[in-house]
Amino acid sequence: MYPMAPLVRTVLNTAARVAPGPAGRLAFHLFVRPLGRARPKPQERDLFAAARTGRLQVRGKDVVTYAWGDGRRPVLLVHGWSSRASRLTAFAEALLERGYSPVAFDAPGHGESPGRASNIVEYREIIRQLHERHGDFDAVVAHSFGVLAALFALRDGVRATRFVGIGGVGSFDLLIKGFQAGLGVDDRVLRCMRDHVERRLVPGEPGIWDRFGADRDSGELTARILLFHDEGDDMVPLVHSRRLARAHGDRARLVVTQGLGHRRILRDPEVVGEAVDFLAAPAGEPAAGEPVAAR
């Protein structure tokens with residue numbers, strides 16, 4: 001539930017009828033604002049203190065970046081919404097042990113990056129810049145909203161051989177419906193927000209709204225995909241990863257876990273180990289197409 005949802009609902013529903021432009025802008029600002037700023041956990045601090053930190057800019061916003069290793073075999077780590085790069089510490093440590101060079105960032109309004117908001121277009125631009133800086137990625141590992149954003153970038157020119165998604169938002173339609181339900185706004189408000197995105201945020205890319213969903217246009221992606229999702233995830237329903245797995249067919253495999261939720265799954269040794277094994281498997285070894293697994 002969003003703070004002051006009844007008042008916001010009334011304002012948006014009314015404005016969408018009489019002032020669609022401001023209504024779309026307000027709805028978008030609510031949609032892209034993180035619900036708080038996550039702080040680092042004690043077990044994450046040593047690794048990030050040892051990182052090579054950098055900076056880049058996206059749409060006038062500063063972004064803090066992190067890198068480890070010797071630069072060979074880069075693997076991009078993409079955090080979720082209202083989260084931070086350090087939540088993927090267990091994956092970064094395991095990748096370093098196997099000779100990879102993890103790369104990560106805190107999106108605007110997240111972690112150590114300044115600002116108050118971000119969005120999927122900014123995530124895509126950050127990932128593009130890191131791709132230019134580090135070259136093609138051996139793999140991308142993403143969590144939650146980061147799955148949606150990373151797959152958007154991978155369908156739009158960023159190259160990686162393999163992809164691991166954990167507790168991923170896969171359907172932009174389902175994400176929007178969750179936002180709509182949380183505020184109780186009508187469909188007119190969503191149309192106003194879509195118009196704002198396509199006319200104001202990315203005016204040079206008509207129809208971009210329809211390209212956000214990772215469960216669409218699966219033919220544009222060549223990377224092999226391994227998905228993990230807990231059946232009791234209270235943040236992102238399992239249906240998101242099921243739709244992703246179906247959309248990508250034989251290139252994708254979904255592992256359904258139990259008792260790990262949306263956050264503990266990032267620290268689970270079995271999940272981390274299986275993910276890194278998948279990344280390290282020889283190119284000719286089957287890594288997808290198996291039936292959905294549960295444990």
Side-chain angles (χ1 to χ4, degrees), residues 44 47-48 50-58 63-81 83-108 110-113 118-170 214 220-228 244 248 251-252 266 271-272 274-281 287:
E44 300 167 353
L47 180 75
F48 276 74
R52 298 189 303 277
T53 59
R55 296 287 190 278
L56 58 81
Q57 275 212 337
V58 55
V63 176
V64 178
T65 64
Y66 309 93
W68 300 264
D70 60 10
R72 292 178 294 178
R73 305 173 71 193
V75 175
L76 178 66
L77 307 176
V78 185
H79 68 76
W81 197 248
S83 188
R84 57 186 298 130
S86 63
R87 293 296 184 264
L88 292 155
T89 290
F91 287 91
E93 291 174 339
L95 289 164
L96 276 169
E97 290 176 0
R98 299 287 283 268
Y100 292 94
S101 297
V103 176
F105 65 91
D106 287 329
H110 295 74
E112 302 305 313
S113 291
S118 190
N119 58 65
I120 190 171
V121 175
E122 291 178 355
Y123 267 71
R124 179 186 64 173
E125 179 58 29
I126 294 165
I127 293 170
R128 281 175 168 174
Q129 290 193 39
L130 290 173
H131 181 237
E132 292 175 2
R133 182 180 296 179
H134 297 278
D136 290 358
F137 298 113
D138 269 34
V140 175
V141 178
H143 177 234
S144 193
F145 175 79
V147 170
L148 187 73
L151 287 173
F152 179 44
L154 286 170
R155 296 197 318 273
D156 221 9
V158 174
R159 292 182 296 275
T161 304
R162 301 191 184 186
F163 180 85
V164 175
I166 308 109
V169 175
E220 297 179 356
L221 189 68
T222 59
R224 288 195 290 174
I225 299 171
L226 177 60
L227 304 169
F228 296 92
L244 264 182
H248 294 282
R251 291 195 310 278
L266 292 176
V271 170
V272 174
E274 187 170 350
V276 176
D277 285 345
F278 164 72
L279 302 185

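Excluded from the calculations below are hydrogen atoms, water molecules and symmetry mates; all remaining heavy atoms, backbone and side chain alike, are included. Numbers for residues simply follow the sequence, beginning at 1. Only a predicted model underlies this, so the values are computations on that prediction, with no experimental measurement involved.
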Quiz item: What distance do H134 atom NE2 and Q129 atom CD have between them, rounded to the nearest 0.5 Å?
Solution: 11.0 Å

Quiz prompt | Heavy-atom side-chain contact between L244 and L151 under 4.5 Å | solution = yes

Practice problem: Would you please test L266 and L88 for side chain to side chain contact (heavy atoms under 4.5 Å, CB included) and show each step? | Solution: CA-CA 7 Å; L266 292 176; L88 292 155; 3.9 Å; yes

Quiz item: Closest approach of A160 and V140, non-hydrogen atoms and distance?
Solution: CB-CG2, 3.9 Å

Self-check item: Heavy-atom donor-acceptor pair, H110 side chain to P108 backbone, under 3.5 Å
Solution: yes

Practice problem: Supply the atom-to-atom distance Y66 OH to L47 CG, rounded to the nearest 0.5 angstrom. | Solution: 11.0 Å

Quiz item: Considering all heavy atoms of both residues, which atom of V164 and which atom of A275 are nearest to each other, and what is their separation?
Solution: CG1-CB, 4.0 Å

Practice problem: Determine whether W81 and S144 make a side-chain contact, defined as any pair of heavy atoms from C-beta on separated by less than 4.5 Å. | Solution: no

Self-check item: Shortest non-hydrogen separation from I127 to A149 and the atoms involved
Solution: CD1-O, 4.2 Å

Self-check item: Main-chain N/O of V63 paired with S113 side-chain donor or acceptor, under 3.5 Å
Solution: no

Quiz item: Measuring from E125:CD to L130:CG, what's the distance to the nearest 0.5 Å?
Solution: 10.0 Å

Practice problem: Check whether any side-chain N or O of E44 sits under 3.5 Å from a backbone N or O of A85 as a donor-acceptor pair, and report yes or no. | Solution: no

Quiz item: Distance from F163 atom CZ to L76 atom CG, nearest 0.5 Å?
Solution: 9.5 Å

Quiz item: For A92 and L77, which heavy atoms make the closest approach, and how far apart are they?
Solution: CB-CD1, 3.8 Å

Exercise. Using a 4.5 Å cut-off on heavy atoms from C-beta on, say whether the side chain of V78 contacts that of F105.
Key: yes

Exercise. Please work out which of the three classes, parallel, tilted or perpendicular, describes the rings of H131 and F137, given edges at 30° and 60°.
Key: tilted

Quiz item: What is the minimum heavy-atom distance between A280 and Y100, and which atoms define it?
Solution: CA-OH, 3.3 Å

Quiz item: Within a strict 4.5 Å, meaning less than it, do heavy atoms of the V158 and R128 side chains meet?
Solution: yes

Practice problem: Return the set of residues passing salt bridge (Lys or Arg N to Asp or Glu O under 4.0 Å) with D277 (not counting sequence neighbours), or none when no residue passes. | Solution: R98

Practice problem: Drop me the distance from T89's OG1 to F48's CZ, to the nearest 0.5 angstrom. | Solution: 4.5 Å

Quiz item: Under 6.0 Å between the ring centres of H143 and F228?
Solution: no

Quiz item: Can you tell me how far OG1 of T65 sits from CD1 of I126, rounded to the nearest 0.5 angstrom?
Solution: 10.0 Å

Quiz prompt | Considering all heavy atoms, the nearest V103-P74 contact | solution = CG2-CB, 4.4 Å

Quiz item: Would you find a donor on one side and an acceptor on the other, under 3.5 Å apart, between the side chain of R124 and the backbone of N119?
Solution: no

Self-check item: Non-hydrogen side-chain atoms of Y123 and V58 separated by less than 4.5 Å
Solution: no

Quiz item: So which pairs with a foot in residues 131-144 pass salt bridge (Lys or Arg N to Asp or Glu O under 4.0 Å), sequence neighbours left out?
Solution: R73-D138, D136-R159

Practice problem: Go through the steps for L279 and L95 under the test side chain to side chain contact (heavy atoms under 4.5 Å, CB included), then give the verdict. | Solution: CA-CA 9 Å; L279 302 185; L95 289 164; 3.7 Å; yes

Exercise. Output yes when a side-chain donor or acceptor of D106 lies under 3.5 Å from a complementary backbone atom of E112, and no otherwise.
Key: yes

